[in-house]
Structures are given as C-alpha cells and as structure tokens.
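Comments concern the structure below.
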Amino acid sequence: MSNEAQIVTRIAPSPTGMMHIGTARTGLFNWLFARRHGGKFVLRIEDTDRERSTPAATQAILDGMAWLGLDHDGDAISQFERAPRHREVAEAMLANGTAYKCFSTQEEIAAFRDAAREKGESTLFLSPWRDRTDHPDAPYVIRLKAPREGTTVIADQVQGDVTIQNTTLDDMILLRSDGTPTYMHAVVVDDHDMGVTHVIRGDDHLNNAARQIQVYRANNWPEPVWAHIPLIHGEDGKKLSKRHGATGVMEYAEMGIPASAMRNYLTRLGWSHGDDELFTDAQAREWFDLKGIGKSPARLDMKKLANVTGWHIANTDDADLVTEINAFLALTNQPGLSQAQQDGLKAAMYCLKDRAKNLPDILDKARFVLENRPLALDEKAVNSLDPVSRGILNELTAQLQNASWTRDTLEGVLNTAADSHGLKFGKLAGPLRAALSGRTVSPSVFDMMLVLGREETLARLTDAASLDT
Ligand code: GLU
C-alpha cells in the first residue's frame, strides 16, 4: 500500500427516478475496490438531462446508496453544475489544436449522410471544417480532432485489449452550439478533475471508452484503468428487465432483504473468489479485486438471493436485527414497534432467525411475542382447541404453576401430561401452539414458553382453556 498512488473510484449515475440494481452493483464494486486499497470512492450525479434530473430522482440515488451502505468521500458532485469547466476544457483544446470549430449545419450533415448512403459509402460524418481557418460569423460546435488513422486500444481489465479502428470513429462533438457539453466530453473532464484512477462500470459503456481515451490523449491527461463489467441478465439469460423481477435496489429493501445480504449477493453477481458464495463485508473488502470479475453476464437468481439472505440473517446479532426490522417497518410505512415489542422481539430472536429468508419472515414468526392478550386466534387454531384439549390445557396450568422455568423441566412436564392422556407429544403440541400463538404455525412451544415467561404462558393457556367453541 505504501508506494501505491491513491486509488480513486467513482459511481456516476444518471438520475432516472430509482437506483437500478446494475448501478448498485457497479457502485458496490467501485466502493469495495476503493475501500480495499485505502482509496477514495466519489459520487457524481450525471444530471445533465434537465428533464429527468429532478431533485426526487437524485434523492432516489442517494437513498439507494445510503441503504446499501456505500458511503462516498466528499460531497456528491453535480455534473450539470460543472458545465463552465467543460466549456473551458473544450476551449483549451481549440487553442492547442486538438479540437476545432465546425460550422456544418444539421441540414448539411443530413445531406452528407443521405448522399453517402446513396453511394453505399460510410455515413460517418467527416467535417469539412477540420483544417479550415476561414471561419464565418455563425453558430458552431466544437469537435474533437480525432486521429484518422491507426487504432485506439482499450486495455480493459475485464475484457482484455479491445481494439477499435480509428476510421470507425468520427470527430465527436465536445461542445454543442449552445455551449453545453456533450456527455462524452463531460465524463472525461469530470473523471480527470476528480482524480479518478479506475473506471469500473457496465460494459454498455465499453464503446464510449475508445472515444473517451481520445479526449484524455488530446489533453495529455493520464488515462484511468478501465474495467467494463458484463451487465446483469435475468434467469433466462436475457438482459434484465422488469419481467425478471425487481430491478430497483430499493425494491429489495422493501422485500426485507438486509443490506448486508444484498451486498454479498450483488458482490457475487459477476465477481468470484474461488467457490465462496457466503461472505461477510469484511471478507469482501479483503478479497475484492478486478481479476475476479467474470467475462460473461451474471444471472439474477432469486433462490440464491434467498439463501444468501438466510445466512446473513442467521449470522446477524439479535439486537442488530431488531434495528434492521425497525428500519424496514419505517421504509415500508408500517407501524413501528413499541419498546416492549422490541424487547420481546430481541428475546425471541434466537428462535426466529434460523430459517428466515427475509425480515417479514421474522416478523411473521414473531407474532406470538408481538401480539397482546387476548390473542386473535385463526380458524385452524380455534379448531385445534377441542374440549378434550382445553381440559388438558387447564390441567397444565396447574402443573406449570410451580415448575421451574427451564427447557428441561418444561419438557418433562409436557411429556408427562401427554403420557398421562395416552397421547404422543405432537398431539399436545397443536393445542399448546394455538393457545400460545393463536396459530398453527409458530416457533416450538418450548421456545415460546421460555420467551413469554410463566405468567404470560399461564394466562394464554387459561384464555384458551376457557374458550367457548
Ligand atoms: N451516467 C452513466 C450511467 O448511469 C454512467 C457513466 C459512466 O460510468 O461513465 O449509465
């Protein structure tokens, strides 16, 4: 690390109203890479499209980043606000001869293309103004004086060397006639000024890299390291779209996937470290490298996500899970938990978190501890409380009065009660479960009794025993 120049990565999302999981993954890769190397991770909002770039759309990106825990260094930069700087660089390029003023009108360009098409020639526009100095007093754009011969090679860390023939690239516009920069120009100026050393982004930008390299060279700026990641595909191998499932990262937050699980899942989506599927944030930060990024598109796999989520939930501290659940309830506009409910949830967490696939799963299993007496019993629970079962529950309340409240003793008391009625324990568990949770699916009766404590358990058994069905 000592001799390594500081690494700076970035995420440069265009605000579109939500944060796509592809953008989230790109952000995550850049964040991991920067954090691993003690570098910086910067955020630039590419808000040049004034119609789409509303404050709400920008906020959606900030929310997505915050939820995923991708903290960026320094303030978020607005690309739009940097337009004067983009203009300044374009003008400096004019002055040093790496760019030129082009006075061709839209009509002339269209006519050039039509004629080329008719002759079966390339429609790539070659401006007649490239080397002219007899400038009229008319509107102009500033174009890059791109090399006309040879090749531009993108030395990509994921794709390998990608060679583009310069004859296939036109003299792209840097500054439009109204003085606004083009996206392609703004990206390079911003990345340079922000000191970005590594551009890690979706491979839909691979072709742009060739043009962007030409702008770096024209300015004599050092080129960043490029790493273009294959896009995420759906389970059928086609480009990800709504019909494959959720495409916005916050949709996953709203499903109750903890951010740590989403980070693990997204990190593994297109990157690998041997056969490791399940890992902590600390491991990801220690392992993440560009070499591990795969060349073929990763497929979104909801089953895998559920497994990863289950593992993270099982390995998260109980108190932290309560915090996550509070945040989840707030995010999804559900009523929050009282302090007593939070305490109950935390005490019960050990028996809730093991097979949970998401946070709502935990809440569902936690109903026995979140709800107050008298419990609203569901229909199946009511049906399991026939007169015989109610009689046994009644006897049990007396036997449990003085039993010590440990798992062993409770097991002993319940097994003896079942035996004395010639029942298997399972037959007794149904009505007990109904009495303690109001449902027929719940954590084990012993766990519920231990979490609820003697007083609440006896009160619930008494409620159920006196039910009038
Ligand atoms: N704004 C571009 C996007 O959201 C990213 C540009 C880049 O990473 O260079 O796709």
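Keep in mind that what you see is a predicted model, and the values were worked out from it rather than measured. Just the heavy atoms: all of them, side chains too, but no hydrogens, waters or symmetry mates, feed the values below. Start at 1 and go down the list; that is how both ligands and their atoms are numbered. One is the number of the first residue; the rest follow in order along the sequence.
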Do any side-chain atoms of residues 254-267 form donor-acceptor pairs under 3.5 angstrom with protein atoms, and if so which ones, sequence neighbours left out?
residue: S260; atom: OG; partner: H312; partner atom: ND1; Å: 3.4
residue: R263; atom: NE; partner: D281; partner atom: OD1; Å: 2.8
residue: R263; atom: NE; partner: D281; partner atom: OD2; Å: 3.3
residue: R263; atom: NH1; partner: L68; partner atom: O; Å: 2.6
residue: R263; atom: NH2; partner: D281; partner atom: OD2; Å: 2.8
residue: N264; atom: OD1; partner: F279; partner atom: N; Å: 3.0
residue: N264; atom: OD1; partner: H312; partner atom: NE2; Å: 2.7
residue: N264; atom: ND2; partner: E277; partner atom: O; Å: 3.0
residue: Y265; atom: OH; partner: D301; partner atom: N; Å: 2.7
residue: Y265; atom: OH; partner: D301; partner atom: O; Å: 3.3
residue: T267; atom: OG1; partner: R263; partner atom: O; Å: 2.5

Enumerated ligand 1 atoms positioned under 4.0 Å from heavy atoms of E46
1 (N), 2 (C), 5 (C), 6 (C)
Is D73 salt-bridged to R35, going by a charged N under 4.0 Å from an acidic O?
yes
Verdict with supporting geometry, S78 and D47, side-chain hydrogen bond (donor to acceptor under 3.5 Å, both in side chains):
CA-CA 7 Å; S78 153; D47 51 358; 2.8 Å; yes
For atom 10 (O) of ligand 1, the closest protein heavy atom turns out to be H205 NE2, 3.0 Å
Whether K353 and D318 form a salt bridge (side-chain N of Lys/Arg under 4.0 Å from carboxylate O of Asp/Glu) is what I want to check.
yes
With R10 as partner, the option from D191, L43, D190 fulfilling side-chain contact (heavy atoms from CB on, under 4.5 Å) is D191
Considering only the protein, which heavy-atom contact is closest to atom 6 (C) of ligand 1, and what is its distance?
Y183 OH, 2.8 Å
What about the rings of H192 and Y216, do their centers lie closer together than 6.0 Å?
no
R201 neighbourhood, listing ligand 1 atoms whose heavy-atom distance to it stays under 4.0 Å:
7 (C), 8 (O), 9 (O)
Quick check: P13 and ligand 1, any N/O pair under 3.5 Å apart?
no
Non-neighbouring partners of H273 that pass ring pair (Phe, Tyr, Trp, His ring centres under 6.0 Å), sequence neighbours left out:
W287
With a 4.0 Å cut-off on heavy atoms, is R10 in contact with ligand 1?
yes
Under 4.0 Å from a heavy atom of S14: give me the atoms of ligand 1 that qualify, with their elements.
1 (N), 2 (C), 3 (C), 4 (O)
List the closest protein heavy-atom neighbour of atom 5 (C) of ligand 1: residue, atom name, distance to the nearest 0.1 Å.
A12 O, 3.3 Å
Does any N or O of ligand 1 fall below 3.5 Å from an N or O anywhere on R44, backbone included?
no
Any nitrogen or oxygen of D204, main chain or side chain, under 3.5 Å from a nitrogen or oxygen of ligand 1?
no
